[in-house]
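A quick note: this is a predicted structure, and the numbers were derived from the prediction, not measured.
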Amino acid sequence: MEKLAEEKNSNFIRNIIDNDLESGKHKYIVTRFPPEPNGYLHIGHAKSICLNFGIARDYQGKCHLRFDDTNPVKEDLEYVDSIMEDVRWLGWEWNDKLFFASDYFDKLYEYAEILIQEGKAFVCELSMDELREYRGTLTVPGKNSPYRNRSVEENLDLFRRMRDGEFPDGSKSLRAKIDMASPNLNMRDPVIYRIKKTEHHRTGDSWQIYPMYDYTHCVSDALEGITHSICTLEFEDHRPLYDWFLDQLPVPCHPRQIEFARLNLSYTVMSKRLLLALVKEGYVKGWDDPRMPTIAGMRRRGFTPEAIRDFADRIGVAKANSMVDFELLNFCVREDLNKKALRRMAVLNPLKLTISNYPEGSEELTAENNPEDSEAGNRSITFSRELYIEREDFSENPPKGWFRLAPGKEVRLKHAYYVTCTDVVKDDSGMITELICTYDPKSRGGWSDDGRKVKGTLHWVSAAHAIALEVRLYDHLFSIPDLNDMEEGKSYLDYLNPDSEIINTMALGESSLQEAQIGESFQFLRLGYFNADYDFTADKPVFNRISTLRDSWARQQNKSSSGA
RNA sequence: UGGGAUGUCGUCUAAUGGUAGGACAGCGGACUCUGGCUCCGUAUGUGAGGGUUCAAAUCCUUCCAUCCCAGCCA
């Protein structure tokens, strides 16, 4: 049993950790999640968060939350707050292990002076353009900077004056002295400090110079005693530099950097740049638009932390670039909500149904809240002579295999009665406006013990007792699964799905829906899972569709129509 | 064309020289007061070619394909 659980989560990183534990290299494990506070977290970050915090949990280690805040021009406190909220919401706890790379600015500076003193770093005065020229290209080696051979004293003096704000932005940089001919561009004397006279959201105006990622990250890891520094594939080329810094410096330990493939999800994008553009240009309504793959957006849509964590477990971790099918996410959220969501009835496209032999007045019927959860109890629903059913649940000329309502056909109204359609009322244009039915009083509760076969069961609401709903129907953000497959000359904007959000204001729901709480999820019977939106009020109930239910009838129809 | 990586069912991912397995998607069926859920069954895969071995997804070799790298971003 235990073995199975282990195997379920097995991946190459956990194998490395197992080996390190077995060999005695480490006694306990420390990982970290290191976001830059320059944007909102998305489902791709959730993969990394679950990986790092999940390892800490399973190995009884620790996972640090560390903000990689070394570039004050891009970063903001607003993002720090949203990131902490999202990580917590996903269900993870860092306890006292909250860090900021900016906490290490003093130490980083001290180490930089050591590099200078040992002749391993120098102050360079090449402009950005010149630096690019000197760097060479992928196939031609770079050239040494003319400032590369300054004395230690001169470098130290210049570096201190950089720190003290004597020079303008961009006029000088501190560079590591490694190898301008290296085939790895990251090793061609990389910049480790740049001048930025910008206020930092935590350190204020204490610093005029800020350390670069490559230098900061490895040192921060080492200072925190990280054992396994897990990052994405594009940093693979940076690993030699990660190791180089740690080899030069008197750091307390030397963490191992391990790279894995970031998450790609079909029909959406993970790029911070594109996501930001969608928000800024107004193609979506904000970072928490329910169509966004951001944690904030998915939370608003109604995805649960449990579903997202389950998803992260199921997609696994590997080094090969991949694209995960969005359907897996739908599967995870359905599986979670099936157990937890209370069932309610709502009609999205109402068609009036009048029961000719039902008396005036109404009656209360009992409906179970969740057949998957006996603890969920029952609720009362009101039945009367005039109802609404789903327009799609009636067909005048039903296709083969049709279980639903049709002229002369009998169906069950869920939790209520059997009804038989006797007449179809149309307007002048031929549009069906009303169905006339009779009901069988003996089938009260939706059941008869005379062995009658009633295949179809429909959801319904009572016309006089239903409440008006606004229902926001969401679908994929983009119309194609992989935006790398764009046609020549087209932009990702050309592939925005025009039907990604459909606002339905004619929907009707059973009255108990009025008492829903914001953020509460329901299964609208036969329709899908819905979540009370932030805009929800008792006067104007608003629900987001999280996902539909599986619909084998629709699939069967698609099959026969496309096969014809 | 330099360097770094990666190729296993449609998709994601296990298998650390010894029966290629799981999940999602698909298909078929049972059950059902949700055409939901559940249950049962089922097809499909080691990029290609050589080699080593009793035995290769795994080791060697030659190809092929894809991804990443020329920010004072992370």
Side-chain angles (χ1 to χ4, degrees), chain A residues 7-8 10-12 15 19 34-36 38 68 70-71 73-75 124 126-128 131-132 135-142 169-175 182-188 190-196 209-210 212-214 216-217 231-240 259 261 266 272 313-325 327-332 334-335 338-339 343 345 367-368 371-372 401-404 412-416 418 443 445-447 454-459 481 484 523-528 548-556 559:
Chain A
E7 280 171 8
K8 186 186 148 222
S10 164
N11 62 53
F12 78 99
N15 291 346
N19 290 338
E36 183 187 15
N38 72 341
D68 227 329
T70 58
N71 187 354
V73 313
K74 288 185 164 185
E75 295 151 7
C124 185
L126 255 20
S127 69
M128 258 191 267
L131 187 61
R132 185 162 39 243
R135 184 158 33 227
T137 70
L138 294 178
T139 50
V140 347
D169 285 16
S171 61
K172 288 181 177 50
S173 62
L174 183 71
R175 293 221 269 156
S182 171
N184 181 345
L185 304 214
N186 295 119
M187 301 300 273
R188 318 243 262 226
V191 171
I192 56 189
Y193 265 95
R194 75 286 217 191
I195 302 172
K196 271 187 200 292
I209 56 172
Y210 291 94
M212 298 287 289
Y213 163 84
D214 285 303
T216 308
H217 203 88
C231 63
T232 44
L233 249 29
E234 68 269 26
F235 292 103
E236 215 150 16
D237 287 340
H238 296 242
R239 188 170 3 116
E259 310 84 12
S266 61
K272 272 187 190 175
D313 282 342
R314 284 169 185 272
I315 58 178
V317 178
K319 293 198 68 160
N321 285 116
S322 61
M323 169 79 67
V324 175
D325 191 338
E327 273 311 299
L328 183 60
L329 195 49
N330 276 335
F331 169 83
C332 293
R334 284 177 191 136
E335 186 172 67
N338 178 48
K339 294 176 301 196
R343 267 74 296 206
M345 289 198 285
E368 61 188 347
E372 305 296 319
W402 180 262
F403 295 169
R404 281 110 103 142
R412 169 171 33 247
L413 295 179
K414 180 78 177 175
H415 302 308
Y418 296 169
S443 63
W447 182 249
V454 180
K455 265 284 208 183
T457 300
L458 309 188
H459 57 280
N484 294 313
Q523 185 196 99
F524 289 177
L525 237 50
R526 304 209 300 139
L527 295 175
T548 60
L549 259 26
R550 282 177 94 237
D551 187 346
S552 59
W553 171 248
R555 266 183 295 148
Q556 194 181 317
K559 208 174 30 177

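With sequence neighbours excluded, the residues that form a salt bridge (charged side-chain N to carboxylate O under 4.0 Å, His left out) with A/Arg239 are A/Glu259. Contacts of A/Asp325 classified as side-chain hydrogen bond (donor to acceptor under 3.5 Å, both in side chains), with partners at least two apart in sequence or in another chain: none.
Of the candidate nucleotides B/U34, B/U1, B/G35, B/U34 has the atom nearest to the side chain of A/Gln523. Checked against B/U34, B/G7, B/C12, the side chain of A/Ala320 finds its nearest nucleotide in B/G7.
Contacts of A/Arg555 with the nucleic acid, taken as non-hydrogen atoms under 4.0 Å apart, involve only primed sugar atoms and P, OP1 or OP2. Note on A/Glu372: a base of the nucleic acid sits closer than 4.0 angstrom, heavy atoms only. Residue contacts shown for A/His415 include a base, since a base heavy atom lies under 4.0 Å away.
Checking A/Glu327 against A/Asn330 by side-chain atom types alone, a donor-acceptor pair falls below 3.5 Å. In this structure, a donor-acceptor pair under 3.5 Å is present between the side chains of A/Arg412 and A/Thr457.
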A correct 5'-to-3' footprint of nucleotides 66-74 of chain B, with B, S and - meaning base, sugar-phosphate only and no protein heavy atom under 4.0 Å, is -SBBBSBBB

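Atom CZ in A/Phe331 sits about 8 Å away from atom C1' in B/A23, given to the nearest Å. Whole-Å rounding puts the A/Leu527 CG to B/C37 P distance at 14 Å. Across the protein-nucleic acid pair, A/Arg526 atom CZ and B/G36 atom P stand 11 Å apart, rounded to whole Å. Between the CD atom of A/Glu327 and the P atom of B/U13 there is a distance of 18 Å, given to the nearest Å. In this structure, the NZ atom of A/Lys319 is 13 Å from the P atom of B/A14, given to the nearest Å. Between the CZ atom of A/Arg239 and the P atom of B/G3 there is a distance of 17 Å, rounded to whole Å. Atom CG of A/Leu328 and atom C1' of B/G22 are 13 Å apart (whole Å).
Residues A/Tyr213 and A/Glu36 fail the side-chain proximity criterion, which asks for heavy atoms closer than 4.5 Å.
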